Every structure is written in C-alpha cells, then in structure tokens.
*Asks:* 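Following this message is one structure expressed as structure tokens.
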Amino acid sequence: MERRVRLLLAGRSVLPGVIESADAGADLWELGMESLAMVGVMVAVEDEFGVEFPDELLTRETFRSLAAITDAVLSLTAREGRS
Amino acid sequence: MTEAGGGRVRRAAETCRELARGVLAEHAAEVDTDARFPKEALRALRGHGLLAAVAPAERGGLGADVPALAGMAADLARGCGATAMVWAMHQVQLACLLVCDAGPELREAVSRIVRDQLLVASATSEAGVGGSLRTSVCAVERDGSPGAAGGEGFHGGAGGEGFRDVAGGGGVQGEAGGGGVRGAADAVAGRGCRLDKSATTVSYGVEADALLVSARRGPGSPPGDQVAVLLDTARTRLEPLGGWNPLGMRGTCSPALRIRAEFEDWRILPLPFGDLADRVMTPLSHVLWSAVWHGLAAEAADRAARYARKRASGQAGQAPSGHLAEMRWRLTAMEAQLAGAAEEAQAVLSGAARPTVAFALRINSLKLAVSELAVDVALAALRVCGMAGYSEDGPYSVARLVRDLLSAPLMIGNERLVAVGSRLALMARDR
C-alpha cells in the first residue's frame, strides 16, 4: 500500500527526485512539500484508492509522511468497507 | 475557564473599555499625527496586566479565551486603532510561544515574557517571497557549518530532531572562545546560531522586547521548511530599511527592518512554523485583527448615528440616511462571523479541534469579509457625517478610523488570500 502511495505521488510529480527515496516516516513538509500541494495529493489519493477524505482528516498531520498518508487510506478503506 | 477566571476576564474587559475611553483616546490623535509608538497606552495596558491576557492563569496571565480576547481587541480599537492592533499582534505572538515552549530555557524565557509583561513583535514578512507567510528566504545558520555543507545535515535523518545534533556540534566548534566563560553546558548548547533577515514590515519591532522570526530551518532547507525563532531584541541588530509614513495605523510603527542576530539553539521553537501557523498564528491573528477592524467600524457607525440623531432633532420629519441601516446590517454580519470564528479558533487553539482545511477556509473568509465590510461601514459613516466626518478633529470625525481601516485589506493582501481560499475551497468537504 505504501509503495502504491509512493508511486502515485512520484507519478504526479510531488517532490520529484525526493519522494522516490524518502523514508516512509520522513516529514514531507520538511522535505519541501508546500501547503498548496496538498490538494494535488488529496485528489490523486482519492482517485487511486476510491476513497474520500472527510474534513477531520484534511490536516497537515494526515499528509505529513508516506506512512501517515498510507494509514489514512487504510483507515478510510476499512471504514468504507464496513459501511 | 473557571468562575474566578471568568470574573477576572470580565474585569479585564471592563478595564479595556475604560482605557480605550481614557489614555488610548487621549493620545490617539498625537500617535497618529506623529506616526509614533503609543507608549502611554502600552504602559497602561502593561500596568493592568493586559499584555499577558492570552497566557493561562497558572502561568501568570489572565487566561482569556479567544472570544474574550476578540472583545477586548474591539473595545481597545474604539480608543486607538494602532494600540489595539499592537496589543492584538502581541497576543498572537505570545499564544504561539505558549503552545510550544518545551525545554527549560525556552519555558523560562516565555515565563519571563508573561511575568514582566514584555512586548513581543513578529517578523514573518520577507523581501523576495511575494508576501507568502509560508516561505522564507533567510535561514538559520550554524557556526562551523556555514553554507550548503551545514544545510545538508538537516536532511540526513527521517525526522526533524536531527538538526539538534548538528547544532550541538556546530556550537562546540564555533564558540570555542566564549565557551570557557560560560561553562561547558553553555558551550555545547552554544550561541551557535545566526540569522540575517530583511523583513518588509515589522510592526513595533524596534519598540518590542522580543521578536518571533520565521526562517528556513537551515541553509539547505526548502523554502517551506520553516522554523520560528524567539529573539531578544536587546541582543539583535535592527536596521530600519526605510521610513514609516503610511496612510493609517501609523502608531504601529511598521517599517522594513533588517534583522541580524546570533542566538542559542533553544530559541528555535520546537513546533515547525507551518504547524504553528495553521494552529495558532493564522487563526488567532485573523480573529483578533478582524476584532480590531470591527471595533473601528463600530466606532465609526456610532459617531455617524450620533451625528444623524443630532441632525434629526433639528429637522423633524426628514427621513434619516439609509446608510444608518446599511451600517447596522454590515456590522451584524461581521459580528456573527467573528463570533463563530472566535469559538472555532478557541477549540483549535486548545487542542479540542483540529486545524482542518474547512477551518482554514472559514478563517480565511473571516479576514476577507471583515476587512472589506469594515471599510464599507467606515465609508458609509463618512457619507453620513459629511464634512464633520471628513475633518480630522471634532466629535463626528471618522477620518482616522477610515484611514486606519484602509489598511485592513492589505494586511496580508486580500488578493493573495482569495487565491489561497480558492485552493482551499477545492479541497474543503465541509463549509
């Protein structure tokens, strides 16, 4: 799942040259992600995994690292699987 | 807030109203004419413990929550807009410090700011970033690791903690001469860090006791990887890069400044600047600025109503100006939006709610709406009062209020905020 997230962001040119080798826990904000890039990441992840982020997950924390994004996707797919 | 705390805050609010009618109003015209710092008003605010309004009671402050602070800001604005704005900006900087004063030295420095009612300014603007709060050109540099070599070290690790090790090493190398005087522990922590920032607008920076400055984490950091640094102005070189002779808010004394300082590693706030901005700085500044603008607009509307009332008493039967009703509905809209945003900002500040995209959008909308509506109200008041309002003197003058309010759409330019808001609106799920 994390690999899929990484490939997806690399494909969308999020932090090009950095995202490919960033640690799963590395802080993407520190690596140069900007607030306005969040919208691109959100849309890409939603399209790829068929989920929709609720407002309470649309924070800097959710998009802080590949691991955090992956966790959010997992929790959303689990939630939507239940409903 | 406890019941005792609530009583303390209510009394403080009453004090704000008294000071606004007294010392603030008394010096407002001179502060404005001379574009000088409102020192008498700040002395009075300090004397009543009002500079520590946002600090919790257990830290020696008043423990006022965001709605209470907004009320105080609006009340102060009725006496002197510049004083109210200085007070509001100071509360924002203090709130930023209070949410992340981890570590003994930083905590003691913040406690001293609260205890001694020190004035804190911010330097978040910078030449070359196009007005963006979230990017910096200047960077924290370390002794012994200047330039790119030092910068690379900041990205060696996965998290943000790695830089502390770099700082420790740099401090030992760079401060070898001074280390013997201060002892080994000081030498390891080191003064060790430097920054050199050309800020485009620093309100009351020269008059402040401390400065909260944004900068890139290191020379190799991307523009958005920012930290906030608490500087002691007594140990900082401040060089005005221009004069200060603006249309309004003249007492805020906000020229461009070059800021150069050497400082210890602990003065770098542990929370990344982006998180601090999302959670505290942006919401609280937009709420408190909006409260100041609301207070100025309400004062203009009151003067216009008094003027119209006096005219009506002499001309029985003539319909009053439609602007009187227009001012009321605009003020009512502002009040409702401000009250909602203040409650929300309080929830985020206290950690009860998260700073989500929808929240950021509502805070952005508050600033846009109030900065425009307040100007509309002041201009309507000017039309009601006519020449009596246009005059800088007299009980029906709204001239200074209009001039002060014309700064509102520029304090973080509304065009920029509209662009940011539109991006946020693409993401937001809730309204």
Side-chain angles (χ1 to χ4, degrees), chain A residues 2 6 9 12-73 75-76 79-80 83, chain B residues 129-130 132-136 151 153-163 216-218 220-227 271-279 282 344 347-348 351-362 364 416 419-431:
Chain A
E2 183 200 302
R6 186 190 300 270
L9 298 197
R12 301 291 176 108
S13 296
V14 174
L15 294 175
V18 175
I19 198 79
E20 295 82 357
S21 57
D23 286 349
D27 190 319
L28 299 180
W29 301 110
E30 288 184 15
L31 292 176
M33 190 159 81
E34 310 229 343
S35 304
L36 295 177
M38 227 168 96
V39 65
V41 174
M42 182 195 87
V43 171
V45 170
E46 288 189 341
D47 285 352
E48 174 75 11
F49 298 98
V51 294
E52 186 169 300
F53 286 97
D55 183 60
E56 70 262 22
L57 282 183
L58 291 177
T59 63
R60 278 169 68 88
E61 284 308 317
T62 300
F63 297 93
R64 187 169 297 281
S65 64
L66 288 166
I69 297 169
T70 305
D71 284 350
V73 171
S75 80
L76 286 174
R79 197 188 297 184
E80 288 182 11
S83 61
Chain B
V129 298
S132 169
L133 179 73
R134 296 302 188 82
T135 52
S136 288
F154 300 161
H155 291 300
E161 290 306 307
F163 76 91
R216 283 182 301 135
R217 189 181 299 279
S221 302
D225 182 19
Q226 297 164 286
V227 291
L271 200 61
F273 182 76
D275 295 80
L276 193 62
D278 268 11
R279 199 178 138 201
T282 301
E344 266 200 284
V348 168
R354 293 187 210 178
T356 65
V357 163
F359 169 71
L361 187 51
R362 285 192 291 271
N364 175 287
R416 164 170 288 277
V420 169
S422 297
R423 298 279 194 111
L424 291 172
L426 281 182
M427 294 183 78
R429 297 295 189 225
D430 294 353
R431 277 189 305 111

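Being a predicted model, the structure only gives us computed values, none of them experimental. Letters go in sequence order (proteins before strands), and every chain restarts at 1.
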*Asks:* Determine the minimum heavy-atom distance between B:Met427 and A:Met42, stating which atoms define it.
*Replies:*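 Minimum heavy-atom contact is CE-SD, 3.7 Å.
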*Asks:* To the closest 0.5 Å, what do you measure between CH2 (A:Trp29) and CZ (B:Arg134)?
*Replies:*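 Here the interatomic distance stands at 8.0 Å.
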*Asks:* Which one, A:Val39, A:Leu57, A:Thr62, A:Val43, leads in non-hydrogen pairs under 4.5 Å with chain B?
*Replies:*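 Most heavy-atom pairs within the cutoff with chain B belong to A:Val39.
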*Asks:* Assess whether salt bridge (Lys or Arg N to Asp or Glu O under 4.0 Å) is satisfied between A:Glu46 and B:Arg429, documenting all intermediate values.
*Replies:* CA-CA 13 Å; A:Glu46 288 189 341; B:Arg429 297 295 189 225; 2.2 Å; yes
*Asks:* Within this structure, what is the CG-CG distance for the pair B:Asp225 and A:Asp27, rounded to the nearest 0.5 Å?
*Replies:*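 CG of A:Asp27 is found 7.5 Å from CG of B:Asp225.
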*Asks:* For chain A, which candidate among B:Gly224, B:Ala360, B:Gly274 shows the most heavy-atom pairs at distances under 4.5 Å?
*Replies:*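 Maximum pair count with chain A is reached by B:Gly274.
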*Asks:* Between A:Asp55 and B:Ala358, what is the shortest heavy-atom contact and its length?
*Replies:*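 Scanning both residues, the minimum pair turns out to be OD1-CB, 3.0 Å.
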*Asks:* For each of B:Val420, B:Thr135, B:Asp275, B:Val357, tally heavy-atom pairs with chain A at distances under 4.5 Å, and name the one with the top tally.
*Replies:*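 Most pairs with chain A among the choices: B:Asp275.
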*Asks:* For chain B, which of A:Met38, A:Glu34, A:Glu61 has the most heavy-atom pairs under 4.5 Å?
*Replies:* A:Met38
*Asks:* If you compare all heavy atoms of B:Asp278 against all heavy atoms of A:Arg60, which two are closest, and at what distance to 0.1 Å?
*Replies:*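 Nearest pair, atom of B:Asp278 first, then A:Arg60: OD2-CD, 2.8 Å.
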